[in-house]
Amino acid sequence: MESEPHASPPVLAAYSYCEAVTGRQARNFAYGIRLLPTPQRRAMSALYAFSRRVDDIGDGALAHDVKVARMEETRALLTRIREGEVDEDDIDPVAVALTHAAGAFPIPLGGLDELIDGVLMDVRGETYETWDDLKVYCRCVAGAIGRLSLGVFGTEPGARGVDRAPEYADTLGLALQLTNILRDVREDAVGGRTYLPADDLAKFGCSAGFSGPRPPEGSDFAGLVHFEVRRARALFAEGYRLLPMLDRRSGACVAAMAGIYRRLLDRIERDPEAVLRGRVSLPGREKAYVAVRGLSGLDARHVTRRAVRRRA
């Protein structure tokens with residue numbers, strides 16, 4: 001295991017645990033962060049491991065009241081992390097790693113409070129009437145992760161418009177989350193959850209839901225999917241303005257993760273009913289291509305050229 005002069009053996013062991021959790025449970029995320037320098041990669045794995053813990057509480061089989069209590073315990077742990085009260089020899093490796101990461105990078109840990117708020121929406125079984133309603137949820141569970149990640153990445157000195165970097169990171173998180181919602185529409189329905197806005201479902205005759213491998217009788221399911229795909233593409237286009245503000249490797253990481261989801265979106269658009277038959281995913285070779293494209297800076301240069309044309 002690679003060592004750093006400012007990271008003690010207990011901290012390195014804690015990071016190793018978080019990286020193992022990330023590699024085992026978040027293949028797309030892990031694929032992107034492997035492009036980062038070691039300190040940033042470790043910090044991102046600590047953020048993921050804490051976020052995974054929150055998600056697992058929300059998705060688990062515990063009783064409602066127990067889930068709420070566990071969430072509040074996790075929020076109390078976050079307060080200890082924020083206040084630097086977790087020692088290096090603490091028995092919780094995620095807390096140890098995240099405390100160290102928060103000391104090394106200006107991570108806005110309040111974003112993890114937002115994540116807890118968002119997962120509590122799931123615990124309460126909330127549904128969403130409009131896109132504006134759904135955006136509140138998406139900002140909690142995904143936009144906040146974008147802003148937390150930006151704390152690890154930082155921005156390039158002298159980059160234009162960096163005051164809007166958190167906004168673009170947030171928007172990119174929304175784009176990824178909407179893609180997730182489309183990909184998992186059947187899985188979520190089987191679990192009793194509906195995320196797509198009720199007014200969109202009604203507009204396309206899909207209010208009956210998606211409990212089977214075929215769309216509701218008489219619905220325009222393809223129209224619904226294409227409508228949401230266009231919304232996600234607009235969010236990606238806005239969020240990609242972040243790329244020229246990042247250094248090469250951070251930009252490559254973001255481009256790789258976002259590129260994987262954009263390609264998932266392409267597949268969903270070509271065959272909307274695929275999301276009702278099973279999980280849509282990308283083969284490893286396609287993910288590798290996306291990573292190489294990100295490292296080459298093609299996406300960042302494309303965004304920069306487009307911005308120059310707009311100003312002209």
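In this chain, numbering begins with 1 at the start of the sequence shown.
Classification of R52 and D56 as a salt-bridged pair holds, one side-chain N sitting under 4.0 Å from a carboxylate O. Under 4.0 Å is where a charged nitrogen must lie from a carboxylate oxygen, and between K67 and D122 no such pair does. Salt-bridge check for E167 with R241: failed, with every basic side-chain N at 4.0 Å or more from each acidic carboxylate O. Remark: R263 does not engage D266 in a salt bridge, criterion side-chain N to carboxylate O under 4.0 Å. A salt bridge is defined here as a Lys NZ or Arg NE, NH1 or NH2 lying under 4.0 Å from an Asp or Glu carboxylate O, and R279 with E187 meets this definition.
Under the 4.5 Å side-chain contact rule for hydrophobic residues, V190 and V275 do not share a cluster. Hydrophobic clustering, with ILVMFWY side chains joined whenever heavy atoms are under 4.5 angstrom apart, groups M121 together with L115. The hydrophobic cluster containing I57 does not contain V66, counting ILVMFWY residues as joined when their side-chain heavy atoms lie under 4.5 angstrom apart, directly or transitively. Note on F50 and V123: same hydrophobic cluster, where clusters join Ile, Leu, Val, Met, Phe, Trp and Tyr whose side-chain heavy atoms are under 4.5 Å apart, directly or indirectly. Hydrophobic clustering of Ile, Leu, Val, Met, Phe, Trp and Tyr side chains at less than 4.5 Å, counting indirect connections, unites L148 with V136.
Contact of the D199 side chain with the W131 side chain is not registered, since no non-hydrogen atoms from C-beta on lie closer than 4.5 Å. Residues R249 and Q40 have side chains not in contact (no heavy-atom distance under 4.5 Å, counting atoms from C-beta outward). Residues D92 and V86 have side chains not in contact (no heavy-atom distance under 4.5 Å, counting atoms from C-beta outward). In this structure, V11 and T99 have side chains that are not in contact, with every pair of non-hydrogen atoms separated by 4.5 Å or more. Two residues are said to be in side-chain contact when any heavy atoms from C-beta on lie closer than 4.5 Å; E126 and Y137 fail this criterion. Put simply, the side chain of R267 reaches to within 4.5 Å of the side chain of L282, judged on heavy atoms. E273 has its side chain within reach of P215: a pair of non-hydrogen atoms, C-beta onward, lies under 4.5 Å apart. Taking the side chain as every heavy atom from C-beta outward, L120 and R75 approach each other to under 4.5 Å.
Heavy-atom minimum distance, S149 versus M44: OG-CE, 3.2 Å. Heavy atoms only, all atoms of each residue included: R160 and M245 are closest at O-CE, 3.5 Å. Nearest heavy atoms, G32 versus A256: CA-CB, 4.2 Å. In terms of heavy-atom proximity, E156 sits nearest to V162 at O-CG1, 4.3 Å. Closest heavy-atom contact between L172 and A258: CD1-CB, 4.3 Å. Residues T155 and A165 come closest through the heavy atom pair CG2-CB, 4.0 Å.
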side-chain contact (heavy atoms from CB on, under 4.5 Å) between C18 and Y48, intermediate numbers included: CA-CA 8 Å; C18 293; Y48 176 82; over 6 Å; no

Show, in sequence, the C-alpha distance, side-chain angles and deciding distance for E269 and R233, and conclude whether the side-chain contact (heavy atoms from CB on, under 4.5 Å) test is met. CA-CA 11 Å; E269 183 179 39; R233 288 196 192 287; 2.7 Å; yes

Show the numbers, then the answer: is there a side-chain contact (heavy atoms from CB on, under 4.5 Å) between I145 and S51? CA-CA 9 Å; I145 301 302; S51 302; 3.6 Å; yes

Please lay out, stage by stage, how V225 and V185 fare under the test side-chain contact (heavy atoms from CB on, under 4.5 Å). CA-CA 10 Å; V225 170; V185 67; over 6 Å; no

Working for side chain to side chain donor-acceptor pair (under 3.5 Å), residues E88 and S8: CA-CA 8 Å; E88 290 186 356; S8 68; 2.7 Å; yes

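Side-chain atoms of D90 never come within 3.5 Å of backbone atoms of D87 as a donor-acceptor pair (strictly under, hydrogens ignored). Using modelled atom types, one side-chain atom of D247 and one backbone atom of S250 make a donor-acceptor pair closer than 3.5 Å. H64 contributes no side-chain N or O that, together with a main-chain N or O of R124, makes up a donor-acceptor pair within less than 3.5 Å. In terms of modelled atom types and a separation under 3.5 Å, the side chain of T179 and the main chain of A175 share a donor-acceptor contact. Here the side chain of R186 pairs no donor or acceptor atom with the backbone of R277 at under 3.5 angstrom. A donor-acceptor pair is defined here as one N or O able to donate and one able to accept, closer than 3.5 Å; no such pair exists between the side chain of R41 and the backbone of I33. Although no hydrogens or angles enter the test, the distance criterion places no donor-acceptor pair under 3.5 Å between the side chain of Y17 and the main chain of A97.
Counting non-hydrogen atoms of neighbouring residues, nucleotides and ligands closer than 6.0 angstrom, the CZ atom of R80 exceeds 12 such neighbours. Few gaps surround CZ on R53; more than 12 heavy atoms of other groups in view lie less than 6.0 Å from it. For E83, the CD atom is densely surrounded, since the number of other residues' heavy atoms within 6.0 Å is greater than 12. With a 6.0 Å radius and a threshold of 12 heavy atoms from other residues, nucleotides or ligands, F105 has its CZ atom above the threshold.
Atoms CD1 and NE2, from I81 and H100 in turn, are 13.5 Å apart once rounded to the nearest 0.5 Å. Considering CG of N180 and CG of L265, their distance stands at 11.0 Å, rounded to 0.5 Å. Separating the NE2 atom in H226 from the CZ atom in F221 is a distance of 9.5 Å, to the nearest 0.5 Å. Distance check, rounded to the nearest 0.5 Å: SG of C138 to CG of D133 gives 11.0 Å. Note that CD1 of I181 is 9.0 Å distant from CG of L174, once rounded to the nearest 0.5 Å. In this structure, T127 OG1 and R193 CZ are separated by 13.0 Å, a value rounded to the nearest 0.5 Å.
A cation-pi arrangement is found for R262 relative to Y240, the charged atom lying closer than 6.0 Å to the ring centre and inside a 45° cone about the ring normal.
Just one of L98, I107, V54 meets the side-chain contact (heavy atoms from CB on, under 4.5 Å) condition when paired with L112; it is L98.
Classified by interplanar angle (parallel below 30°, tilted 30° to 60°, perpendicular above 60°), the ring pair Y195/Y128 is parallel.
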